[in-house]
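Below: the structure, in structure tokens.
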Amino acid sequence: MQIGRVQLLEFRNYPTLSWHPAPHLNVLAGPNAQGKTNLLEALGFLVTGRSFRTARSAEIPRWGTESTMLTGELFQIETRRTVRRSLTRLEDGTWQVSGDPAPDWARVIAFGWQDLEIVNGAPAARRNFIDGFAARLHPNHVPTLLRFRQVLARRNRLLQQYPHDTGRLAPWTEQFAAVGMELLGRRRKAVAALQTEIARVYGSLAGTAAKVEVRYVTALGEAAEPEALVAALERRHREEARRGQTLVGPHRDDLAIEIDGVDARAYGSRGQQRLIALALRLAEILPVTEAAGTAPVLLLDDALSELDPIVRAHVMREIQAAEQVFLTTSDVTTANGAAVFHVNGGSVAPA
Ligand SMILES: Nc1ncnc2c1ncn2[C@@H]1O[C@H](COP(=O)(O)OP(=O)(O)OP(=O)(O)O)[C@@H](O)[C@H]1O
Ligand SMILES: [Mg+2]
């Protein structure tokens with residue numbers, strides 16, 4: 001898919017912007033604090049209705065304004081859709097996103113400095129990564145995840161209020177196990193879809209024979225039936241009752257990321273960890289393309305920084321193969337076939 005003309009009104013540091021990106025590689029160059037990341041965020045918001053950068057809607061409208069509007073054209077082979085979104089402050093002070101639902105083939109994959117957390121952060125960052133990817137493969141992953149969180153919160157409350165009332169807990173354990181296994185199944189499929197691609201992409205970016213492997217880690221082993229989760233919870237019931245917490249389930253799982261068999265957190269330099277994080281995002285492309293029926297748009301924020309010139313060249317080669325790419329950089333990079341735009345104080349101009 002591709003994003004055609006876009007128009008922004010009061011989005012972050014853009015009072016107004018009307019911009020026509022190129023169909024393939026767009027390099028957004030400019031000094032710090034000019035609006036490069038903001039522009040990527042706007043493109044992501046246009047396509048998905050949310051920010052990849054913040055969950056706090058109040059940050060998005062330009063300071064001092066109470067609403068933001070985004071309009072853009074999305075293309076896919078023969079289909080063309082105009083998408084409009086607005087973010088408005090309501091009387092009670094909350095913010096409302098409204099507009100057209102995105103077409104069901106529209107996907108973006110965003111990479112930013114915060115993705116380093118996937119490699120060196122806490123397990124929650126890796127669970128979020130898998131869930132984000134799984135949601136691009138199956139849009140109904142998000143409702144499943146929300147339902148899972150509700151059931152988990154409810155079950156934890158019961159464990160705190162009535163730790164010894166197993167009769168009261170039982171139906172919630174059943175529900176937890178059913179939705180938990182659904183979530184687990186999708187995550188396992190997502191990780192399986194990444195496995196081949198991550199090995200190929202990391203090798204191609206790093207230019208070495210080092211092998212990156214990902215593996216889903218769960219206390220449930222290979223089990224796929226809800227009964228296995230119910231049994232695991234029953235085995236830990238005493239400890240659950242004492243701690244007032246659900247101790248087994250997808251909320252405790254992790255993703256092992258290994259490079260030549262060594263945990264990536266322990267391995268190598270920050271540059272290498274960044275490269276693994278970038279490779280994980282690029283490894284999403286093929287499975288997401290297959291699931292959506294069209295290639296996703298890539299939003300790559302500062303993807304070249306901290307990488308040496310040879311690795312940068314490999315990254316450029318890899319992304320040339322993608323469909324539409326937006327790449328920000330603070331130093332102008334020349335890339336064959338790239339459209340370079342200068343971003344300066346909330347305006348965008350061809351270089
Ligand atoms: N809601 C907002 N209204 C107005 N300005 C904002 C808003 N949110 C952020 N900004 C400003 O937008 C500017 C540009 O931010 P952005 O993160 O896009 O910079 P950048 O070009 O990506 O810089 P860097 O190279 O440092 O990453 C910042 O100076 C920031 O203070
Ligand atoms: Mg930035």
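Counting starts at 1 for both ligands and their atoms, in listed order.
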Polar side chain donor-acceptor pair, Q7 to T71, under 3.5 angstrom = no
request  = Using the ring pair (Phe, Tyr, Trp, His ring centres under 6.0 Å) rule, collect all pairs that involve residues 166-189, keeping only residues at least two apart or in two chains.
outcome  = F148-F176, F176-H251
Please table the atom pairs, donor to acceptor, closer than 3.5 Å between any side-chain atom in residues 14-23 and protein atoms at least two apart or in another chain.
| residue | atom | partner | partner atom | Å |
| --- | --- | --- | --- | --- |
| Y14 | OH | G35 | O | 2.6 |
| S18 | OG | R5 | NH1 | 3.1 |

inquiry  = Would you say Q245 and E240 are linked by a side-chain donor-acceptor pair, where the criterion is simply a distance under 3.5 Å?
reply    = no
note = By side-chain contact (heavy atoms from CB on, under 4.5 Å), A279 pairs with (sequence neighbours left out) I198, V201, Y202, L205
key: T37 near the Mg ion (ligand 2) via N/O/S, less than 2.8 Å   = yes
query = R187 and D131: salt bridge (Lys or Arg N to Asp or Glu O under 4.0 Å), yes or no, with the steps?
reply = CA-CA 7 Å; R187 285 188 182 167; D131 285 326; 2.9 Å; yes
ask   = Who are the residue neighbours of ligand 1 when the rule is a heavy atom under 4.0 Å from any of its atoms?
value = R12, N13, P31, N32, A33, Q34, G35, K36, T37, N38, R53, E59, I60, P61, R62, W63
